[in-house]
Amino acid sequence: MAKDGITTRAKDYSQWYLDIVDKAELSEWSPVRGCMVIKPHGYALWELIQQGLDQRIKDTGHQNAYFPLFIPQSFLLREAEHVEGFAPEVALVTHAGGELLAEPLVVRPTSETIIGVTFAKWVHSWRDLPLLINQWANVVRWELRPRPFLRSVEFLWQEGHTVHVDEADAERETLMILKDVYADFVEKVMALPVLRGRKTESEKFPGALRTYSIEAMMQDGKALQAGTSHNLGQNFARSFDIMYTAPDNQQVYGWTTSWGASTRLIGALIMAHSDDDGLVLPPLLAPIQVVVVPIYKTDSERADVLAAVERLTTGWKGRFRFKVDDRSNLTPGFRFSEWEVKGVPIRVEVGPKDVQKGTVAVARRDQPGKEGKRFIPQEGLNDHLEGLLLEIQQALYDRALRFRDEHTFTATTYDELKALVEQGFVRCYFAGGDEEEARIKEETKATVRVIPFDQPEAEGRCIVTGQSTTRQVVFAKSY
RNA sequence: CGGGGAGUAGCGCAGUUGGUAGCGCACAGCGUUUGGGACGCUGGGGUCGCAGGUUCGAAUCCUGUCUCCCCGACCA
């Protein structure tokens with residue numbers, strides 16, 4: 001194990017994560033503290049994430065647009081909670097064109113405010129609604145402790161912004177995005193099961209009425225928020241005068257939502273599936289799904305093998321994302337390892353013996369070593385690979401789900417919570433508010449990740465206050 | 001920003017009373033190799049994080065500063 005200088009998960013989980021990012025060539029730090037260079041392999045992951053989300057966002061009726069990177073500082077000040085929430089992590093441009101600016105410009109930490117000002121101009125009538133807009137953008141938040149993908153000063157994301165006629169429609173949008181866009185994508189494409197639910201008051205987005213999120217479990221038992229969706233109520237509409245004329249000719253404020261998913265998803269992908277040998281990618285998200293490694297000694301073997309590879313891969317374009325690695329200066333073993341570190345789901349080896357016997361060796365990344373490697377007939381290879389990709393996709397999801405189940409507990413007392421939250425998610429009755437949450441965070445480092453949508457029928461006793469409640473929450477440490 | 005550790009070749013490191021920088025990997029060339037990280041020979045590559053100071057002389061001692069990693073407070 002632990003080839004190529006990858007620290008094992010058991011020894012140091014944080015270092016393992018950094019090693020994977022490094023060895024799989026996903027990103028590296030830039031000369032600017034906290035800002036990362038996303039390398040081609042990492043960016044290819046992001047492009048596939050973008051495609052999957054963009055498709056779903058458009059399929060649900062949204063259009064893409066683009067808003068400016070710079071926001072007049074005064075815009076941010078208009079929504080009280082919003083300013084307070086983002087003030088500490090905002091980067092400010094004070095000089096430009098060689099002069100002091102009359103009004104400093106904020107580098108967007110998120111775009112509610114500038115989009116709010118724009119939407120006020122776009123919305124006139126109830127017939128203009130719902131207004132359904134999304135943008136793909138970079139944002140900047142001056143984080144104190146950056147980590148690649150999980151917390152970088154600049155990161156890439158999509159942020160959806162919508163306006164609706166009433167609260168019910170805004171709420172429908174907020175939940176639809178969470179379930180049909182985010183949860184669907186993360187579970188089906190990233191092979192990562194998520195909890196869906198609502199955030200508590202203290203965890204919600206600054207300026208939101210209600211915040212919802214999906215939460216995934218990493219291999220160290222910690223939670224990672226994989227997508228978040230906010231019903232902003234009329235807070236931003238009031239601050240930015242987003243008003244429309246209703247059918248009864250009354251001027252009324254619209255109801256807005258916003259929702260986002262970021263390059264942090266790449267961090268989730270790494271921490272959920274990868275192992276001590278390197279990255280492990282779900283086939284649907286793998287930039288290279290199948291790598292073919294030709295093996296040969298002599299020139300005549302080389303010719304035979306490459307001819308077989310040429311024949312076998314005919315028709316793969318459009319069917320598989322694949323690569324033929326015929327670098328002759330590297331031994332097969334070296335090439336095997338390299339693609340394992342990079343997480344390629346399937347490796348096909350073609351050697352002289354295969355040419356003779358009409359076989360190939362097929363190794364699956366999710367089962368390292370010998371047990372994941374089989375010799376199979378060349379006949380019917382394409383169908384076999386197609387089936388295997390789906391099988392691996394499912395196997396990764398199942399494995400992640402099993403892991404989450406095994407690390408999810410219920411607690412009936414605060415002492416149980418304290419002990420169990422060290423190992424994963426803890427579900428329990430909880431009737432407390434901000435104060436109780438703050439105290440628990442202080443004492444255990446864990447927070448309420450989500451109030452799951454699926455709630456029990458029966459009442460239970462709050463683990464802190466002891467009062468009777470029907471509300472269960474999930475506590476966990478988080479990224 | 002608080003506590004701990006570290007900055008010497010692309011990467012990982014050595015460099016002990018201060019005396020003018022070395023090893024492994026990687027890289028380049030040639031040859032032999034190739035079913036789980038091949039080998040030989042030859043070669044290129046450094047203002048020792050940066051700025052001051054002490055000294056005849058500093059990678060080494062002193063001061064300041066920057067960056068990275070780990071742990072805390074904040075977060076997609």
Side-chain angles (χ1 to χ4, degrees), chain A residues 2-7 12-15 17-19 22-23 28-34 85-90 109-110 137-159 182 199 202-203 205-206 211 213-216 223-230 258-268 277-278 293-299 301-302 305 325-341 347-357 359-361 363 368-370 372-373 375 438 441-442 445 447 478-479:
Chain A
K3 303 167 192 170
D4 205 23
I6 297 173
T7 305
D12 183 343
Y13 194 81
S14 300
Q15 190 57 50
Y17 175 81
L18 293 170
D19 288 348
D22 181 37
K23 305 296 181 190
E28 63 187 42
W29 288 125
S30 74
V32 181
R33 178 187 161 75
F86 283 104
E89 49 190 6
V90 153
T110 179
N138 58 338
V139 287
V140 167
R141 299 181 186 178
W142 218 256
E143 301 293 349
L144 302 176
R145 250 187 87 184
R147 300 192 67 194
F149 298 111
L150 298 174
R151 215 184 305 101
S152 50
V153 162
E154 179 188 9
F155 59 92
L156 307 182
W157 75 348
Q158 59 68 218
E159 47 179 323
Y182 294 151
K199 287 291 193 185
S202 63
E203 295 281 329
F205 179 77
T211 288
S213 77
I214 54 172
E215 303 279 331
L224 188 145
Q225 180 174 305
T228 176
S229 186
H230 319 290
S258 70
W259 26 276
S262 71
T263 34
R264 174 178 260 198
L265 284 173
I266 295 173
D277 294 332
V293 180
I295 299 158
Y296 44 78
K297 289 194 181 73
T298 65
D299 280 348
E301 280 177 355
R302 179 171 190 273
V305 167
D325 181 6
D326 62 350
R327 290 174 296 177
S328 58
N329 58 327
L330 300 171
T331 62
F334 185 94
R335 287 176 283 165
F336 297 169
S337 300
E338 180 162 319
W339 297 111
E340 278 169 3
V341 170
R347 180 182 68 246
V348 174
E349 305 168 14
V350 184
K353 290 175 206 161
D354 295 307
V355 173
Q356 279 179 7
K357 295 186 202 166
T359 58
V360 295
K370 276 220 160 71
K373 183 161 157 178
F375 285 88
K441 184 175 183 181
E442 176 74 27
K445 310 295 176 208
T447 51
S478 70
Y479 282 98

Engineer: Would you mind pulling out the nucleotide paired to B:A73, Watson-Crick or G-U wobble, both distances under 3.5 Å?
Structural biologist: none
Engineer: Check every strand shown and say whether A:Gly260 touches a base, only sugar-phosphate, or nothing at a heavy-atom separation below 4.0 Å.
Structural biologist: nothing
Engineer: With the side chain of A:Glu340 defined as its heavy atoms from C-beta on, choose the nearest nucleotide among B:G36, B:C74, B:C69.
Structural biologist: B:G36
Engineer: Give A:Ala261 one of three labels, base, sugar-phosphate or nothing, depending on what nucleic acid heavy atoms sit under 4.0 Å from its own.
Structural biologist: nothing
Engineer: For B:G72 versus B:G29, give the span between their P atoms, rounded off to a whole number of Å.
Structural biologist: 48 Å
Engineer: For the C1' atoms, the ones on B:C13 and on B:G46, what distance do you get once it is rounded to whole angstrom?
Structural biologist: 15 Å
Engineer: Please report the distance separating the P of B:A73 from the corresponding atom of B:G15, rounded so that it comes out in whole Å.
Structural biologist: 37 Å
Engineer: What distance, rounded to whole Å, do you find between the two C1' atoms, one in B:G2 and one in B:U17?
Structural biologist: 38 Å
Engineer: Should the heavy atoms of other residues, nucleotides or ligands under 6.0 Å from CH2 of A:Trp29 be counted, would the total exceed 12?
Structural biologist: yes
Engineer: Would you indicate which nucleotide in B:G35, B:C74, B:U34 comes nearest to any side-chain atom of A:Lys297?
Structural biologist: B:U34
Engineer: What's A:Gln225 touching, base or sugar-phosphate or nothing? Going by heavy atoms closer than 4.0 Å.
Structural biologist: sugar-phosphate
Engineer: What integer number of Å spans the P atoms of B:G22 and B:G45?
Structural biologist: 13 Å
Engineer: For a quick check, with a 4.0 angstrom heavy-atom cut-off, what is the B/S/- contact string for nucleotides 38-43 of chain B, read 5' to 3'?
Structural biologist: B-----
Engineer: Give me the atom names and distance for the closest heavy-atom approach of A:Val305 to A:Ile295.
Structural biologist: CG2-O, 3.4 Å
Engineer: Name the residue from A:Lys199, A:Glu203, A:Arg264 that meets the side chain to side chain donor-acceptor pair (under 3.5 Å) definition with A:Gln225.
Structural biologist: A:Lys199
Engineer: Between B:C70 atom P and A:Tyr13 atom OH, what is the distance in whole Å?
Structural biologist: 14 Å
Engineer: Under 4.0 Å from OP1 or OP2 of B:A73: is there any side-chain N or O of A:Lys445 that close?
Structural biologist: yes
Engineer: Where the side chain of A:Asp19 meets the backbone of A:Thr7, is there a donor-acceptor pair that is under 3.5 Å apart?
Structural biologist: yes
Engineer: How far, in whole Å, is B:G64 from B:G12 if one measures between their C1' atoms?
Structural biologist: 30 Å
Engineer: With respect to the side chain of A:Tyr296, which nucleotide from B:C70, B:U34, B:C75 is positioned closest?
Structural biologist: B:U34
Engineer: May I ask which nucleotide in the shown strands pairs with B:C61, Watson-Crick or G-U wobble, both distances under 3.5 Å?
Structural biologist: B:G53
Engineer: Taking atom C1' in both B:A14 and B:A6, compute the distance separating them and give it to the nearest angstrom.
Structural biologist: 15 Å
Engineer: Base, sugar-phosphate, or nothing for A:Ser14, non-hydrogen atoms under 4.0 angstrom?
Structural biologist: sugar-phosphate
Engineer: Is any N or O donor-acceptor pair between the side chain of A:Glu301 and the base of B:G35 shorter than 3.5 Å?
Structural biologist: no
Engineer: Would you say A:Tyr479 and A:Arg147 make side-chain contact, with heavy atoms under 4.5 Å?
Structural biologist: yes
Engineer: With side chains defined as the heavy atoms from C-beta onward, is the minimum distance between A:Arg347 and A:Trp339 less than 4.5 Å?
Structural biologist: no
Engineer: Partner lookup for B:U20, please. Criteria are Watson-Crick or G-U wobble with both distances under 3.5 angstrom; report none if nothing qualifies.
Structural biologist: none
Engineer: Return the nearest nucleotide to the side chain of A:Ser337; candidates are B:G36, B:A76, B:C69.
Structural biologist: B:G36
Engineer: Name the nucleic acid region contacted by A:Phe86, choosing base, sugar-phosphate or nothing; use a 4.0 angstrom heavy-atom cut-off, strictly under.
Structural biologist: nothing
Engineer: Pick the closest RNA chain B nucleotide for A:Phe149 and for A:Thr298 by heavy atoms, then say which residue is nearer the 5' end.
Structural biologist: A:Thr298
Engineer: Hey, does A:Thr211 reach any base, or is it just sugar-phosphate, or nothing, if we go heavy atoms under 4.0 Å?
Structural biologist: nothing
Engineer: Just name whichever nucleotide pairs with B:G43, Watson-Crick or G-U, keeping both distances under 3.5 Å, else none.
Structural biologist: B:C27
Engineer: OP1 or OP2 of B:C75 sitting under 4.0 Å from any side-chain N/O of A:Lys199?
Structural biologist: no
Engineer: I'd like to know if the side chain of A:Arg302 reaches the main chain of A:Tyr296, judged simply by a donor and an acceptor atom lying under 3.5 Å from each other, with no hydrogens or angles considered.
Structural biologist: no
Engineer: Which nucleotide, B:C69, B:G37, B:C75, lies nearest any side-chain atom of A:Leu18?
Structural biologist: B:C69
Engineer: With a 3.5 angstrom cut-off on both distances, give the Watson-Crick or G-U wobble partner of B:U32, or none if there isn't one.
Structural biologist: B:A38
Engineer: Once rounded to the nearest 0.5 Å, what's the spacing between atom CG of A:Leu330 and atom CZ of A:Arg335?
Structural biologist: 6.5 Å
Engineer: If B:C68 has a Watson-Crick or G-U wobble mate with both distances under 3.5 Å, name it; if not, just say none.
Structural biologist: B:G5
Engineer: Roughly how far apart, to the nearest Å, are B:C69 and B:U32 at atom P?
Structural biologist: 46 Å
Engineer: Between A:Trp29 and B:C69, is there a contact of a side-chain N or O with OP1 or OP2 at under 4.0 Å?
Structural biologist: yes
Engineer: A:Gln158 side chain to A:Ala261 main-chain N or O, any donor-acceptor pair under 3.5 Å?
Structural biologist: yes
Engineer: What nucleotide among B:G35, B:C74, B:A76 has an atom nearest to a side-chain atom of A:Lys441?
Structural biologist: B:C74
Engineer: How is A:Asp12 classified with respect to the nucleic acid when contacts are heavy atoms under 4.0 Å: base, sugar-phosphate, or nothing?
Structural biologist: nothing
Engineer: Start at the 5' end of RNA chain B and walk down; is the nucleotide closest to A:Gly227 or to A:Glu442 reached first?
Structural biologist: A:Glu442
Engineer: Could one point to a donor on the side chain of A:Arg347 or the base of B:G36 with an acceptor on the other under 3.5 Å away?
Structural biologist: yes
Engineer: When you measure from the side chain of A:Phe336, which nucleotide among B:G36, B:U34, B:C74 comes out closest?
Structural biologist: B:G36
Engineer: Kindly assign one of parallel, tilted or perpendicular to the pair A:Tyr182 and A:Trp259, based on the angle between their ring planes and the thresholds 30° and 60°.
Structural biologist: perpendicular
Engineer: Counting only side-chain N and O atoms of A:Arg145, is one of them less than 4.0 Å from OP1 or OP2 of B:C71?
Structural biologist: yes
